[in-house]
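Atoms considered below: every heavy atom in the structure, side chains included; atoms not considered: hydrogens, waters and symmetry mates. Convention: sequence-line order gives letters A, B, ...; per-chain numbering from 1. What you see is a predicted model; the values in this text were computed from it and never measured.
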2 protein chains.
Amino acid sequence: MMYTQLSKYITDRVAIGDDQLNVVLSHFKPLMLKKNEVINIIGHPARRMYFVNKGCLRVYFLKVDGNEVTRRFAFENTFSTSLVSFISGEPLTEFTKAIEATELLYISRDDFYRLLDVIPAWEKFYRNYLEFAYVTNTKRLQSFATQDATERYKLLLKENPHYVLRLSNKLVANYLNISQEALSRLKSKI
Amino acid sequence: MMYTQLSKYITDRVAIGDDQLNVVLSHFKPLMLKKNEVINIIGHPARRMYFVNKGCLRVYFLKVDGNEVTRRFAFENTFSTSLVSFISGEPLTEFTKAIEATELLYISRDDFYRLLDVIPAWEKFYRNYLEFAYVTNTKRLQSFATQDATERYKLLLKENPHYVLRLSNKLVANYLNISQEALSRLKSKI
DNA sequence: TAAAAACGTTGATCTGCATCAATAAATCAA
DNA sequence: TTGATTTATTGATGCAGATCAACGTTTTTA
């Protein structure tokens with residue numbers, strides 16, 4: 001059933017009673033996306049937190065020259081939102097697009113924050129999510145600041161080989177913040 | 001008195017009773033640093049969270065070629081720790097050094113986490129801290145991924161002019177992840 | 001307060017990766 | 001299935017910013 005993965009995801013991370021879990025789950029609604037569908041509007045605040053049941057989301061921002069830079073992918077069994085905007089209420093600066101047919105569950109920002117006050121396990125769950133997001137983000141920042149393109153690629157191969165297996169070279173290159181030509185060349189030299 | 005700034009910092013951010021606040025404060029101990037003193041050991045986990053009363057900390061990591069990259073500065077009235085290690089318990093990958101004579105208060109990691117379970121306002125305070133750290137980090141990542149050196153410098157001037165006023169060019173350049181020569185040149189062209 | 005060290009600026013040269021272009025291969029759409 | 005679009009590779013060229021070097025200025029240290 002549609003909520004199986006989400007239930008498991010939550011109960012794997014925090015201790016929560018069945019009744020409380022059901023309250024949480026009751027605020028999630030399904031959403032189906034076609035390939036290449038975009039689910040947010042730049043300039044508006046982020047109003048939803050998504051859970052990926054199936055498929056994959058790509059979160060990216062635009063440079064002034066119009067080029068895209070990938071910030072993050074969200075594969076199956078991960079939460080995704082534009083967290084900066086979700087937290088601060090500031091307008092979004094990044095797009096979220098399905099890179100294949102994707103099945104989501106989402107909760108509204110209002111419901112999400114309301115649950116934090118009502119369900120202590122949810123506050124703990126959120127803290128966990130924030131910590132994980134911070135760690136991931138920082139490691140990515142460190143990689144950009146200290147490694148060249150080849151080193152970043154090797155690190156990706158080591159830490160997240162499924163990225164390279166599942167995504168096109170173009171998307172991998174974009175995630176590494178290099179051109180696809182550069183990725184093609186550095187791969188031929190390894 | 002030494003705890004005035006910290007008290008204000010906390011009560012500005014969360015609602016907390018005097019008794020609970022005093023419990024929190026009682027776990028903080030003072031620490032004085034000389035200029036250029038380093039307060040952590042790479043390879044060990046981060047065991048303390050610091051609050052800067054006076055002075056300034058610089059957090060940086062080393063590239064394989066031995067060059068330093070500044071991750072963050074912590075001026076007066078900010079908390080600082082190597083949060084990835086503090087969260088995960090993994091060994092530290094970054095140094096923290098006082099760039100001038102600095103006066104700190106610190107709480108041990110154990111005490112910090114114990115307070116989370118005992119004092120609900122502290123859990124809220126931590127959530128707040130995590131959110132802020134995430135937002136700052138993400139904006140920095142976005143700046144690196146989408147802007148060239150001149151744009152990054154202009155953004156810094158706009159958002160954090162006191163960085164440029166207070167820090168040497170060498171440190172500003174390092175924070176922007178460019179050489180001091182490059183910073184010198186781009187400044188002369190603005 | 002003198003010697004030493006660190007900092008800031010400018011010039012010359014080098015390099016990693018971007019961009020542009022051409023072509024072949026793979027994928028998509030009707 | 002065929003034509004159209006997108007992707008992957010390889011070559012040629014350009015450029016932002018690194019590195020090395022020289023020199024004057026400021027700061028630190030003894």
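End-to-end axis angle of the helix from C:dT1-D:dA30 to C:dA30-D:dT1, from C1' rotation axes over five pairs per end: 70° (rounded to 10 degrees).
In this structure, A:Glu100 atom CD and C:dC28 atom C1' are separated by 16 Å, rounded to whole Å. Spacing between atom CG of B:Asn174 and atom C1' of D:dA18 amounts to 14 Å, rounded to whole angstrom units. Whole-Å rounding puts the B:Asp65 CG to C:dG16 C1' distance at 14 Å. As rounded to whole Å, 13 Å separates atom C1' of C:dA6 from atom CG of B:Asn169. When the P atom of D:dG17 is taken as reference, atom CZ of A:Phe144 falls 16 Å away, rounded to whole Å.
For B:Asn177 and D:dA18, the shortest distance from a side-chain N or O to OP1 or OP2 is not below 4.0 Å. Listed pair A:Ser168 / D:dT7 fails the phosphate criterion, with no side-chain N or O lying under 4.0 Å from OP1 or OP2.
No path of Ile, Leu, Val, Met, Phe, Trp and Tyr side chains, each step under 4.5 Å between heavy atoms, connects A:Val69 with A:Leu171, placing them in separate hydrophobic clusters.
Interface remark: the A:Glu181 side chain does form a donor-acceptor pair with the C:dC20 base, using a distance-only criterion of under 3.5 Å. No donor-acceptor contact under 3.5 Å links the side chain of B:Arg185 to the base of C:dG8.
Of the residues listed (B:Leu31, B:Thr81, B:Ile39), the one engaging B:Tyr106 in a side chain to side chain contact (heavy atoms under 4.5 Å, CB included) is B:Leu31, and it is the only one.
Side-chain atoms of A:Lys170 lie closest to D:dT7 of the nucleotides C:dT9, C:dT19, D:dT7. Residue B:Ala182 places its side chain closer to D:dG17 than to any other of C:dA18, D:dT19, D:dG17. Of the candidate nucleotides D:dA18, C:dT9, D:dT10, D:dT10 has the atom lying nearest to any side-chain atom of A:Ser188.
Along DNA chain C, the nucleotide closest to A:Leu183 and the one closest to B:Leu171 are compared, and the more 5′ of them pairs with B:Leu171.
With hydrogens and angles ignored, the 3.5 Å screen pairs a side-chain donor or acceptor of B:Ser85 with a backbone N or O of B:Ala46.
Taking the six-membered ring for Trp and thresholds of 30 and 60 degrees, A:Tyr126 and A:Phe112 have ring planes more than 60 degrees apart, a perpendicular arrangement.
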Got a list of protein N/O to nucleotides 23-29 of chain D N/O distances below 3.5 Å?
| residue | atom | partner | partner atom | Å |
| --- | --- | --- | --- | --- |
| D:dT28 | OP1 | B:Lys35 | NZ | 3.2 |

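A distance of 9.0 Å separates OH in A:Tyr50 from OG in A:Ser82, rounded to the nearest 0.5 Å.
Side-chain atoms of B:Thr146 and B:Gln142 include no donor-acceptor pair closer than 3.5 Å.
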